[in-house]
Amino acid sequence: FDAQFSDTPFHQRHPVSKNAKSLVEIRAAVIVTLNRYLLDIMSLIVPCTQEDEATLLGYYIYRIRSFVFMQLKESLSGVLCEQSSSVHALVTVRMARINPNESKIASWAYMQFCRQMMFQSCRSFLRDDQAWQVVFVGEGSSDSGGPFRDSLTEMVCEMMRTDSPIFCDTPNARSGVGDFRSEKIPRSSLFDSVCMRMMGRLLGVCLRTRMHCSFDFPPFIWKFLTHQPIKQRDLRSIDFVQNAFIAQLRGENPSDGPMNEGEFNAVYGSFPFQATLLDGQYANMDGTTDRMLTFENRLDYADAYEAIRDRELFPHLAELMLGLQEVVPSSILALYTWRELRLRICGYPEVDLEALRLHTVYNDISPTSDIIRWFWATLEGFSASDRERFVRFVWGRSRLPISGADFTKMLEISTFVPESGQPNEYLPLAQTCFFSLELPKYSSQAILEERLLYAIHHCTAIDMDFIPNEDETL
C-alpha cells in the first residue's frame, strides 16, 4: 500500500511479485491475500478508532478498512449486532396519519413518535427484526412488520422535506448552483437535542433491520459518523456562493484577482460583520450589531467566518452520533467507510426492476399471461419516484434491499375476479406485512396503469386487517 514509488519498477523492488503483469494486479493480489487471512480471524476482532495495546489489532483494521471486503464487514457487523441485540416486548406507538402540507409540525408523524419514545430506554431499539409496533389511528392494521416499515419510511420522508423542523436544504440548493442541491443538513440555528438524537436512533434501526430509507445527507455527515475527519473543502462543497465570497475576500480567486480598497468599498461598503449560517439565518461574529465589514478587517472576517463554519453543526452531529451509537455498536461504525455506511443505511436510490423480478413469485397465474406482462411494462414506464411509491405500497418501504440475501420475502403476485364481475372498477390490493399484491383481471394495460397509479398515490391507509372500534379512531 505504498503511497510513494521510486523510479525502480515495483516488481524489481519486491522480487516476490516478479510474475505479476502490472501494479494493479500486484495490489489486487495483496488485498485478496489480506482478506484471506482476515477471514479466519475477523470474528475475533473488534474494530476501534483508538490506538492502545489492548485494541491494537482492532485499530489496524479501522485504518485499513478501505481494503477489507464488504462480505467480511457484513459478517462481522452481523455478529456484533447479534451480540448486542435485545429480545423484549415491542413498544407500541400510536400514530395518526396527517398531511404535512396541511398540518402543524407538532402533529407530524416524527413528532408523534418522539413524544412517545423519548423516555424509552435505548434498549427498546436493539431488535434486529422490528424495533417497535405501530397502531395507525383509525386504521384496521395489525403490525406484522408492514406498519412498522411504513412508519419508519414516513418519518424519514417528513424529516427530509424542505420545511422539516430539524433539517433544511443546503445553501447550494437555495442559491441554485454547485453540488449537493438535493441533500439536507441540520438547521444550525435551531438545535433540538431530543429530535436529533432520535434521528440517530432511526439511523441505527435502519442499519440493524436492513430497512433502507432515504437519509439524504451530504458526504461530510457520513464522514463524521464513520470517524473520518471533516475538512474545510467538505463544508465548502455545499455552499458555493459563500465559498467564492470568502475566496474573494482573501484574494484567492484567480479569475477576479485581488480587489483594491476602492473596489472593495463599492461592493461591500454597507455589509455588516455577520455570518450567513448554513440554514440561511444570520449571526453576529463579534457580539455586536453595529460593526461593518471593511477593507482593513476583511481577513479577520474571513477567519471568523470559517471558524464559525468549523463548529456550526458540531452539536447537531454529536447528538446524531450519540443516537446512532445507542443502537449500533461503535465498533461497527469503525468498520465501514462513509460510502459503505451510507449504502448500508440508505440502499440504492433507484428501484432495480430486474432484482424485483428475480424475487417475485406468481400464485395461480402464469408469468407470461397478459396481466403480468402489462404489470411489468407498467412498472418499466413509471418514473423513479412512482417506482418508490409502488415498493412502499406493497412492502411499506421505498427502497429495495441492496443484495439478494437481504430479501427476506418474495413479492407474491396473484389475481382476482371481484364478485361484481367488473374488475376494471377495482383497485389493486396490497399487504405490506407479507409483500404481496393482488391484481384484478383488468381488460387492458392502460386500465392497469391508471388503477395502479391511483393506488400508489392515494391508498396509504392500512385498513384490511380488521375494522377499528371507536377507541382506535380519532
Side-chain angles (χ1 to χ4, degrees), residues 97-103 108-110 136 146-164 167-170 172-174 176 179-185 199 202-203 206 210-218 222 342-360 374-402 406-407 411 413 427-432 435-437 439 442 445-462:
R97 292 188 192 267
I98 55 91
N99 183 347
N101 293 321
E102 302 173 355
S103 307
W108 286 15
Y110 184 69
F136 283 113
F148 158 70
R149 291 189 293 270
D150 197 36
S151 67
L152 180 53
T153 301
E154 178 64 24
M155 289 188 289
V156 175
C157 288
E158 284 182 352
M159 292 302 102
M160 295 297 107
R161 289 169 53 97
T162 298
D163 55 351
S164 163
F167 293 100
C168 65
D169 290 334
T170 63
N172 284 350
R174 294 193 296 273
D179 299 325
F180 307 116
R181 282 185 263 177
S182 61
E183 278 76 5
K184 307 298 177 183
I185 58 175
M199 184 58 62
L202 295 191
L203 286 168
C206 287
R210 299 179 180 273
M211 164 74 185
H212 308 305
C213 290
S214 54
F215 294 92
D216 299 324
F217 299 148
W222 298 108
R342 181 178 64 181
L343 178 62
R344 284 285 283 105
I345 291 177
C346 300
Y348 295 112
E350 297 288 336
V351 174
D352 186 345
L353 289 184
E354 286 306 310
L356 188 59
R357 281 179 187 267
L358 290 174
H359 296 87
T360 299
W374 295 341
F375 166 74
W376 288 112
T378 297
L379 287 190
E380 289 172 359
F382 276 2
S383 64
S385 59
D386 280 340
R387 289 181 185 178
E388 286 189 10
R389 289 187 179 95
F390 169 77
V391 174
R392 184 173 178 183
F393 175 68
V394 296
W395 208 2
R397 55 191 291 171
S398 60
R399 296 189 174 184
L400 295 177
I402 60 177
D406 291 338
F407 273 85
L411 172 61
I413 300 180
L427 295 173
L429 301 177
Q431 297 185 67
T432 57
F435 196 19
S436 66
L437 175 69
L439 293 171
Y442 297 118
Q445 181 181 336
I447 294 176
L448 186 152
E449 180 177 352
E450 178 185 347
R451 297 293 186 265
L452 188 57
L453 276 173
Y454 185 91
I456 65 177
H457 278 269
H458 301 286
C459 302
T460 57
I462 304 174

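Count residues from 1 along the sequence.
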- Message: Return the CZ to CZ distance between Arg392 and Arg399, rounded to the nearest 0.5 Å.
- Response: 12.5 Å
- Item | Electrostatic pair Glu350:Arg387 at N-O distance under 4.0 angstrom | no
- Are the aromatic ring centres of Phe167 and Phe215 under 6.0 angstrom apart? no
- Query: Which pair of non-hydrogen atoms, one from Ser182 and one from Asp216, has the smallest distance, and what is that distance?
  - Reply: O-CB, 4.0 Å
- Spell out, as yes or no, whether a donor-acceptor pair under 3.5 Å connects the side chain of Ser103 to the backbone of Pro100. no
- Atom OG in Ser164, atom CE in Met199: separation rounded to 0.5 Å? 7.0 Å
- Item | Tyr442 versus Pro428, closest heavy-atom pair with distance | OH-CD, 3.3 Å
- Query: Going from CG on Leu411 to CZ on Arg357, what distance comes out if it is rounded to the nearest 0.5 angstrom?
  - Reply: 11.5 Å
- Student check: side-chain heavy atoms of Trp376 and Leu356 closer than 4.5 Å: yes
- Message: Looking at every heavy atom in both Cys206 and Leu152, which two are closest together, and how far apart are they?
- Response: SG-CD2, 3.9 Å
- Separation between OG (Ser214) and CZ (Arg397), nearest 0.5 Å, reads 12.0 Å
- Item | Side-chain heavy-atom pair Asp150, Arg97 within 4.5 angstrom cut-off | yes
- Message: Do Phe180 and Ile185 have side chains that approach each other closer than 4.5 Å (heavy atoms only, starting at C-beta)?
- Response: no
- Phe217 six-ring centre to Arg342 NZ/CZ under 6.0 Å and within 45° of normal: no
- Message: For the CG atom of Asp352 and the CD1 atom of Ile402, what is their distance to the nearest 0.5 Å?
- Response: 12.5 Å
- Determine whether Val351 and Phe390 make a side-chain contact, defined as any pair of heavy atoms from C-beta on separated by less than 4.5 Å. no
- Message: For Phe407 and Leu358: C-alpha separation, side-chain torsions, deciding distance, then whether side chain to side chain contact (heavy atoms under 4.5 Å, CB included) applies.
- Response: CA-CA 10 Å; Phe407 273 85; Leu358 290 174; over 6 Å; no
- Under 3.5 Å, side chain of Glu158 to main-chain N/O of Trp108, donor-acceptor pair present? no
- Partners meeting side chain to side chain contact (heavy atoms under 4.5 Å, CB included) with Leu453 (sequence neighbours left out): Phe382, Asp386, Glu449, Ile456, His457
- Item | Minimum-distance pair of heavy atoms, taken over all atoms of Pro349 and Glu388 | O-OE2, 3.1 Å
- Arg210 and Arg344, any side-chain heavy atoms less than 4.5 Å apart: yes
- Message: Please report the interatomic distance NZ(Lys184) to CZ(Arg161), rounded to the nearest 0.5 Å.
- Response: 9.5 Å
- Exam field: side chain Asp169 to backbone Thr162, donor-acceptor pair closer than 3.5 Å: no
- Message: Which heavy atom of Pro218 sits nearest to which heavy atom of Trp222, and what is that distance?
- Response: O-CD1, 3.5 Å
- Message: Could you check whether any side-chain heavy atom of Leu343 comes within less than 4.5 Å of a side-chain heavy atom of Tyr348, counting everything from C-beta outward?
- Response: yes
